[in-house]
Number of protein chains: 2
Amino acid sequence: MTDTTSRDTDQTRPGFRPLYAQVRELLVARIARGEWAPGEALPSEGQIAADLDVSQGTVRKALDAMTADRLLVRRQGRGTFVASHDENRVLFQFFKLTPDGGAREFPTSRLLKVETGRATADERTVLELRPNARVIRIERVRDLAGGPALIETISLPAALFPGFEKGEVPNNLYGLFATRYGVSIAVASETLKAVSADAKVATDLGVPNGSPLLMIERVARSIDGTAVEWRRSLCRTDRFHYVSELR
Amino acid sequence: MTDTTSRDTDQTRPGFRPLYAQVRELLVARIARGEWAPGEALPSEGQIAADLDVSQGTVRKALDAMTADRLLVRRQGRGTFVASHDENRVLFQFFKLTPDGGAREFPTSRLLKVETGRATADERTVLELRPNARVIRIERVRDLAGGPALIETISLPAALFPGFEKGEVPNNLYGLFATRYGVSIAVASETLKAVSADAKVATDLGVPNGSPLLMIERVARSIDGTAVEWRRSLCRTDRFHYVSELR
DNA sequence: AAGTGGTCTAGACCACCGA
DNA sequence: CGGTGGTCTAGACCACTTT
C-alpha cells in the first residue's frame with residue numbers, strides 16, 4: 001500500500017480520529033473485556049499490525065500511549081504485557097503515605113468490619129449508582145513501619161463484585177479486583193484535608209484525642225472510566241507523610 | 001544516507017544513548033542556557049533536523065518527550081514553543097489547593113516579610129548549598145475565594161537571584177524566576193502532613209488556636225535539576241482541599 | 001538462531017494556521 | 001498560499017531475551 005490515505009484517516013470531517021487512536025481504543029476495549037489477563041502478553045507488534053491491516057509503526061504508537069497510561073508494560077526482547085496490580089505497582093502508583101525516615105513500604109491490614117447495605121446518598125453520588133443500589137463497606141486499620149498508620153473506610157458497588165463477602169479480604173484489594181473480577185483500576189483522584197481525631201479514631205490509631213490527622217478521600221476508576229471505589233482514610237502524620245510529585 | 005548505523009548509535013557499549021536522547025539533551029541544555037526564551041518558538045522540526053544532521057522523525061521524538069515533560073508546548077500549524085510560567089500553567093501544575101465548592105483559582109498574596117541571611121543547616125541540606133551560602137526568605141499570606149487560605153515561608157538560594165530584593169515580589173514567583181533570571185521550574189516534590197495551628201499562625205489565618213492545618217513542604221527544581229526553592233505552606237482545609245491525581 | 005521490542009530513516013500526505 | 005506540526009507507512013538495523 002503506497003497510498004497513505006485509502007482508509008478512515010482521510011475523513012475531511014467531522015469524526016476524524018487518528019488511526020493509532022482507533023487501534024488504541026480497540027485494544028483497550030479488548031483488554032477491558034478480559035481478552036488478555038493482567039500479566040499476560042499481547043501478540044507481537046507485527047502480529048497486531050497484520051491482524052488490523054495497519055503498519056507496525058501505528059501499532060507501536062498505540063502501545064506506547066497505553067504504556068504511558070500504565071495500562072501496559074513493555075519489556076524489550078520479551079513482549080508487551082497487560083499491567084497487573086502487584087504490590088509494587090499499587091505501592092508506587094496508589095499508596096502515597098511513607099514513613100518519615102525510611103523507604104516506601106506496603107502497609108498491613110487489620111479488618112474491623114465488612115458489610116453489605118443499601119447505598120447512602122453520598123455513596124450513590126460519588127459512585128454514580130442508581131437509587132436502591134447496594135454497596136459493600138469495608139473498614140480496616142493499616143499498619144506501617146510497625147505501628148498503626150491509618151484507618152480506612154471503603155465503599156464498593158456490590159453489583160461489580162458478586163460473592164465478595166464469601167471470600168477473604170486481601171491486603172491488596174486492587175489485585176483481587178483485577179484477577180477475580182476483571183476490574184482493573186486505572187486512575188484515582190484524591191482530595192486531602194487536615195482534620196481532628198475524634199475519640200473512636202484516636203483510640204484505633206493510638207493518638208491523643210483531637211490530634212491532627214490527614215483525611216484522604218479517594219475515588220478510583222477502572223480502565224473504562226467507571227467509578228469502582230470510594231475510600232476515606234484518616235492518617236497519622238506524626239511519623240508518616242504523604243508524597244506528591246508535581247510535574 | 002541509507003545506512004542507519006554510521007553514527008553514534010552503533011556503539012556496542014558502554015555509553016550507548018539513543019540519538020533522540022542526545023538531541024533532547026542538547027536542546028534542553030540550549031533552553032537552560034536561555035538560547036530561546038520562555039514563550040518563544042524553536043526552529044521548525046525540519047530546520048533542527050537539518051542543523052543536527054538527523055532525520056525529522058528523530059527530532060520529533062525528542063520534542064515529543066520534552067513536551068510530555070512540559071518543557072515545550074506544541075501548537076499545530078504554528079510551531080513548538082518553550083513553555084512559560086504563566087498563571088494558568090502554575091495554577092494547574094503547581095497549585096493544588098482548591099476551594100471546596102468551586103473551581104481552581106489563583107491565590108492573591110499579602111507580603112509579610114522579605115529578608116536575606118545566612119542559610120540555616122536545614123536550608124543548606126534541602127537546597128544543597130555550601131556552608132555560608134546566603135538565602136532569600138519570603139513570608140506571605142495568600143487568599144483564596146475571598147479569605148485567607150494559607151501562610152507560606154519560602155527560601156531561595158540568593159546566588160541564583162541577584163538583586164531580588166530591589167524589585168517587587170510578584171504573586172507568581174515562578175514567572176519572575178523564568179523571565180528575569182532564566183530559571184525555569186520544571187518539577188517539584190511535595191510532602192504533606194496534618195499539624196495544629198499555633199497562636200501566630202491561627203491569627204494570620206483567622207482560625208481558632210489548635211485548628212488542624214495542612215502543612216505542605218515543597219522542593220522545586222529547575223530544568224537542570226538544581227534545587228531552586230524550599231517552600232513550607234500551612235493551609236486551612238475547612239474551606240479548601242488539596243487535590244492529587246494518581247496515574 | 002529466532003523472536004521481540006527499540007531506534008532511525010525517508011517520504012508522502014493530512015490538518016491547521018497566518019499572511 | 002506556504003509553512004508548521006501530525007499521521008502513516010515501509011524497511012533496515014540494533015538491543016535484549018529465550019530457545
Can you tell me if [X] touches the phosphate of [N], counting only side-chain N or O atoms and a distance under 4.0 Å to OP1 or OP2?
X: K61(A); N: dC8(D); result: no
X: R75(A); N: dC16(D); result: no
X: Y20(A); N: dC8(D); result: no
X: R60(B); N: dG5(D); result: no
X: R78(B); N: dG18(C); result: yes
X: T80(A); N: dT4(C); result: no

query: If you measure from the Lys or Arg side-chain nitrogens to the Asp or Glu carboxylate oxygens, is any gap between R24(B) and D69(B) under 4.0 Å?
result: yes
- line: Comparing G77(A) with V59(A), nearest DNA chain D nucleotide closer to 5' gives the residue V59(A)
May I have the distance from [X] (atom [atom1]) to [N] (atom [atom2]), rounded to whole angstrom?
X: L63(B); N: dC8(C); atom1: CG; atom2: P; result: 14 Å
X: Q56(A); N: dG6(C); atom1: CD; atom2: P; result: 10 Å
X: Q22(A); N: dG6(D); atom1: CD; atom2: P; result: 19 Å
X: L19(B); N: dC13(D); atom1: CG; atom2: C1'; result: 13 Å
X: D64(B); N: dT7(C); atom1: CG; atom2: C1'; result: 15 Å
X: L42(B); N: dG3(D); atom1: CG; atom2: C1'; result: 16 Å
X: R24(A); N: dT7(D); atom1: CZ; atom2: C1'; result: 16 Å
X: E45(B); N: dC16(C); atom1: CD; atom2: C1'; result: 14 Å

query: When rounded to the nearest 0.5 angstrom, what distance separates OH in Y174(B) from CD in E229(B)?
result: 3.5 Å
query: Counting side-chain heavy atoms from CB outward, which of dT9(C), dG5(C), dG5(D) is closest to V54(B)?
result: dT9(C)
- line: The side-chain contact (heavy atoms from CB on, under 4.5 Å) partner of R218(A) among R232(A), E190(A), E152(A) is E190(A)
- prompt: So is R75(B) actually on top of F81(B)'s ring, under 6.0 Å and inside 45° of the axis?
  reply: yes
query: Parallel, tilted or perpendicular for F94(B) and H85(B), by the 30°/60° rule?
result: parallel
query: Contact class for Q76(A) vs. all strands (heavy atom < 4.0 Å): base, sugar-phosphate, or nothing?
result: base
